[in-house]
Amino acid sequence: MSTQEQSAAGSTPEAETRSPDVVVVGAGTSGCYAAATIANAGYEAVVLERKTEEEAGHIACGDALKGADAFPDAIPKSKLEPAFTNTGVDHGRFEIPQEDTVLEIPVPGELAVIDRWEYGRRIIEGATEAGADFHYDTVVQNVTQKDDGGQVTGVEAIRKGQPLTYEADLVIDAAGALSVLQDNVDFSNSTFDTNVNYSHFCSAYREVVHVEEPVEWSDALVFKPTERAAGYLWYFPRTETEINAGLGFQMTEEPMKLVDDLKHDLENRAEFDGAEVDDKLGAALPTRRPYDSAVHPGYMAVGDAAGHVNPTTGGGIAGAAYAGKYAAEQAIEGLETGDVSEKALWEYNQRVMDHFGARYAALDVYNILSTAIDVDDLMGLLAAMPGEKLAEALYEGSTSVGPKLAFESLLNSRGHWGTIWTLFQAKRCADDLLDLYEHYPEHPAALEHWQQRRDDVMDEVYEATGADPKY
Ligand SMILES: Cc1cc2nc3c(=O)[nH]c(=O)nc-3n(C[C@H](O)[C@H](O)[C@H](O)COP(=O)(O)OP(=O)(O)OC[C@H]3O[C@@H](n4cnc5c(N)ncnc54)[C@H](O)[C@@H]3O)c2cc1C
């Protein structure tokens, strides 16, 4: 009897089983780059995506793609370029209504505002051309695993009512924020980071708005704090007349009230008179340090599923692309040596920390700081600081200020000196973290000791800022 006949007869259909070399869950940036890398090396990668083929790649985003000049080459950059709708953006405009000020801050590196759906389709096309296989309408519901927290051996999914089992040497979890896979793996036999909770996430929402006249700031990413401290609004120009307008806010806030903040701001801006909205989407994104470890035997988490997002800007596309590449290269090594143990996969963690993880962990200190200090005070202080130094702080996790500049900034920032002192202490802790991540362990057995040292620095962060402990 076929599986369809069984279904019609009312019995549970039998699960079909597939056995590629690697199963990748999620056809977002991290999944596509991982699958393309594996397929380029001649191995069989199957990407499971819950969306339909038409909807795949349609992902809530501010559409700002930073660092496109240095994206991994598993998918040729020429493939992505047609989705870049505005490559003329070179700075951020920070509107600070409390101070009646606009800060212009240079953005280092190449930046493009993109048509995110078109980009999503193009990375899927790129991975398909590399040889990866995409299975749409396929919702992964569970993982299969050897007994007692052992190696992950595959996943269980459902496609249009039909259960499916995928067996593979490696599973790459590219399922985005709050990945369901992690609820189902028993991590008791590895150091995989399970210290994850709601306070580590933001909700973000965006609309695509069409205006009649070109906006004056089509060369800038515009940011503005929401009326309440917990969030910020953005206006990113896809073109001179097509604007991605959105906001991000801590998950602990009431979302609808904050969406009202966006609505009010749009109504109050003359450039949006008569504007039309054609696409509304929201999602969660991690605003935390990267997972201390994102590997378990037979399993690696990448991109949003492992906290690979700049926690101060919410930019996660570049981190996702690189995490996908690094995990895939580790998977290839595992396939070639036949060893997919935690120890064998560990180098993936090291490469992530080395490339951007340390920086993001340091940047998270400023996130923690922002939860504890008065927003008006912070805005006043930002308004008094030189733009290029803010840019360094925003992207590098640290900045240096010479004596002359420090003196000028101090004069400009009278009234905020208490906050400056806290900021200074936070910066010292962020620098300590950067140093510590340089010594990220070379194998899982050394992780616990390293974590203790890192947690000592975090204790200093909480003490200096007065913030509630986050981890
Ligand atoms: C509103 C918003 C604005 C943002 N703006 C920017 C920005 O301007 N610039 C930037 O760089 N970053 C931005 N980000 C962050 C960025 O979008 C993410 O960091 C990035 O998309 C992460 O890629 P990913 O591949 O890890 O996950 P995702 O892109 O989320 O992809 C995950 C995929 O997995 C699929 N999936 C999930 N669960 C299952 C399942 N159980 N079974 C099968 N498939 C599943 C999903 O359908 C999805 O296709 C923004 C995020 C949000 C929410």
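Note that the structure is a prediction, hence the values are computed from the model and not measured. Quick note: residue numbers are just sequence positions, from 1. Counting convention: from 1, in listed order, for ligands and their atoms alike.
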J.: Can you confirm if the aromatic rings of Y205 and F249 lie within a centre distance of less than 6.0 Å?
T.: no

J.: Please report which non-hydrogen protein atom sits nearest to atom 51 (C) of ligand 1, along with the residue it belongs to and the distance in Å to one decimal place.
T.: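 Among all protein heavy atoms, the one nearest atom 51 (C) of ligand 1 is A60 O, 3.7 Å.
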
J.: To which of V140, V155, N244 does the heavy atom nearest atom 41 (N) of ligand 1 belong?
T.: V140

J.: Would the distance check show the side chain of S203 and the main-chain N or O of A284 forming a donor-acceptor pair, the cut-off being under 3.5 Å?
T.: no

J.: With a cut-off of 4.0 Å, which atoms of ligand 1 are near a heavy atom of A174?
T.: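 In order of number, 32 (C), 33 (C), 34 (O).
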
J.: So if I count the atoms of ligand 1 from 1 in the order they appear, which ones are less than 4.0 Å from some heavy atom of G303?
T.: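 So the atoms of ligand 1 that pass are 26 (O).
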
J.: When the aromatic ring centroids of F223 and F236 are compared, is their separation below 6.0 Å?
T.: yes

J.: Report the nearest protein non-hydrogen atom to atom 1 (C) of ligand 1: residue, atom name, distance rounded to 0.1 Å.
T.: A204 CB, 3.2 Å

J.: Can you find an N or O of A318 that's nearer than 3.5 Å to an N or O of ligand 1?
T.: no

J.: Pick, from V113, V309, V302, D304, the option with the minimum heavy-atom distance to atom 18 (C) of ligand 1.
T.: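 Heavy atom nearest to atom 18 (C) of ligand 1 belongs to D304.
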
J.: Judging by distance only, is a nitrogen or oxygen of Y205 under 3.5 angstrom from one on ligand 1?
T.: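 No: no nitrogen or oxygen of Y205 is under 3.5 Å from one in ligand 1.
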
J.: Check this for me, if you would: do E125 and R121 make a salt bridge, where the nitrogen-to-carboxylate-oxygen distance has to be below 4.0 angstrom?
T.: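 No salt bridge links E125 with R121.
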
J.: Does the distance from a Lys or Arg side-chain N to an Asp or Glu carboxylate O, for R269 and D265, drop under 4.0 Å?
T.: yes

J.: For the pair E342 and T191, evaluate side chain to side chain donor-acceptor pair (under 3.5 Å) and give the outcome as yes or no after the intermediate values.
T.: CA-CA 8 Å; E342 182 186 19; T191 60; 2.6 Å; yes

J.: I want to know if ligand 1 touches E49 in the polar sense, i.e. an N/O pair below 3.5 angstrom.
T.: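 By distance alone, the answer is yes.
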
J.: So F84 and Y119, ring pair (Phe, Tyr, Trp, His ring centres under 6.0 Å) or not? Walk me through it.
T.: CA-CA 8 Å; F84 296 4; Y119 161 87; 7.7 Å; no

J.: Heavy-atom contacts under 4.0 Å between T138 and ligand 1: side chain, backbone, both, or neither?
T.: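 Backbone only; the side chain of T138 stays clear of ligand 1.
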
J.: Please identify which atoms of ligand 1 are closer than 4.0 Å to at least one heavy atom of G315.
T.: 10 (C), 11 (O), 12 (N)

J.: Less than 4.0 Å between a side-chain N and a carboxylate O, is that true for E110 and K66?
T.: no

J.: Under 4.0 Å from any heavy atom of T29, which atoms of ligand 1 are there?
T.: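 By the 4.0 Å cutoff, the relevant atoms are 25 (O).
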
J.: Return yes or no for this condition: an N or O of V139 is under 3.5 Å from an N or O of ligand 1.
T.: no

J.: Closer than 4.0 angstrom: is that true for some heavy atom of C61 and an atom of ligand 1?
T.: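 Distance cut 4.0 Å: C61 passes for ligand 1.
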
J.: For atom 24 (P) of ligand 1, which of the options A27, G28, S30, G31 provides the nearest non-hydrogen atom?
T.: S30

J.: Where is the nearest protein heavy atom to atom 12 (N) of ligand 1: which residue, which atom, and how far?
T.: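 Here the nearest protein heavy atom works out to G316 N, 3.0 Å.
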
J.: Could you list the atoms of ligand 1 found under 4.0 angstrom from a heavy atom of L48?
T.: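 Result: 43 (C), 44 (N).
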
J.: Walk me through whether Y360 and Y437 qualify under ring pair (Phe, Tyr, Trp, His ring centres under 6.0 Å).
T.: CA-CA 11 Å; Y360 289 0; Y437 274 78; over 10 Å; no

J.: Can you tell me the protein heavy atom closest to atom 9 (N) of ligand 1 and the distance?
T.: A64 O, 2.7 Å

J.: Going by the atom numbers of ligand 1, which of them fall below 4.0 Å from some non-hydrogen atom of G26?
T.: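 Selected atoms, number and element: 33 (C), 34 (O), 35 (C).
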
J.: Give me the nearest non-hydrogen protein atom to atom 28 (P) of ligand 1 as residue plus atom name, then the distance to 0.1 Å.
T.: I59 CD1, 4.1 Å

J.: Side chain, backbone, both or neither: which part of R50 has a heavy atom under 4.0 Å from ligand 1?
T.: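 Contact part for R50 vs ligand 1: both backbone and side chain.
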
J.: Tell me, which protein residue and heavy-atom name are nearest atom 4 (C) of ligand 1, and how many Å apart are they?
T.: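 Answer for atom 4 (C) of ligand 1: G62 N, 3.1 Å.
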
J.: Is the contact between I317 and ligand 1 made by the side chain, the backbone, both, or neither, using heavy atoms and a 4.0 Å cut-off?
T.: both

J.: Apply the test salt bridge (Lys or Arg N to Asp or Glu O under 4.0 Å) to residues R18 and E16: give CA-CA distance (whole Å), side-chain angles for both, the deciding distance (0.1 Å), then the verdict.
T.: CA-CA 7 Å; R18 308 279 178 91; E16 269 180 36; 3.3 Å; yes

J.: Which one holds for W234 and ligand 1: side chain close, backbone close, both close, or neither close, with close meaning a heavy atom under 4.0 Å?
T.: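 Just the side chain.
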
J.: For V180, take its heavy atoms, then give the atoms of ligand 1 lying under 4.0 Å from any of them.
T.: 41 (N)

J.: Under the ring pair (Phe, Tyr, Trp, His ring centres under 6.0 Å) criterion, do Y322 and H308 qualify, and how do the steps go?
T.: CA-CA 9 Å; Y322 270 97; H308 295 155; over 10 Å; no

J.: Could you give all pairs that pass the ring-ring contact (aromatic ring centres under 6.0 Å, His included) test and reach residues 156-182, with sequence neighbours left out?
T.: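 Checked against ring-ring contact (aromatic ring centres under 6.0 Å, His included) - neighbours excluded - the pairs reaching residues 156-182 are H135-Y166.
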
J.: Looking only at protein heavy atoms, which one is nearest to atom 30 (O) of ligand 1, and what is the separation?
T.: G176 CA, 3.9 Å

J.: Check for a donor-acceptor pair, side chain of D21 on one end and backbone N or O of E44 on the other, with a separation under 3.5 Å.
T.: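 Yes, D21 side chain to E44 backbone: donor-acceptor pair under 3.5 Å.
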
J.: Taking heavy atoms and a distance under 4.0 Å, where does D63 meet ligand 1: side chain, backbone, both or neither?
T.: backbone

J.: Checking a contact table here: which protein heavy atom is nearest atom 23 (O) of ligand 1, and how many Å away?
T.: A320 CB, 3.7 Å

J.: Can a donor-acceptor pair be found, under 3.5 Å and without considering hydrogens, that links the side chain of Q151 to the backbone of T153?
T.: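 No, because the side chain of Q151 does not come within donor-acceptor range (under 3.5 Å) of the backbone of T153.
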
J.: Enumerate the ring-ring contact (aromatic ring centres under 6.0 Å, His included) contacts for residues 168-195, please, sequence neighbours excluded, ordered by first and then second residue.
T.: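 Passing the test, one end in residues 168-195: F187-F192, F187-H296, F187-Y299, F192-Y291, F192-Y299.
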
J.: When you look at CG of D73, are more than 12 heavy atoms from neighbouring residues, nucleotides or ligands closer to it than 6.0 Å?
T.: no

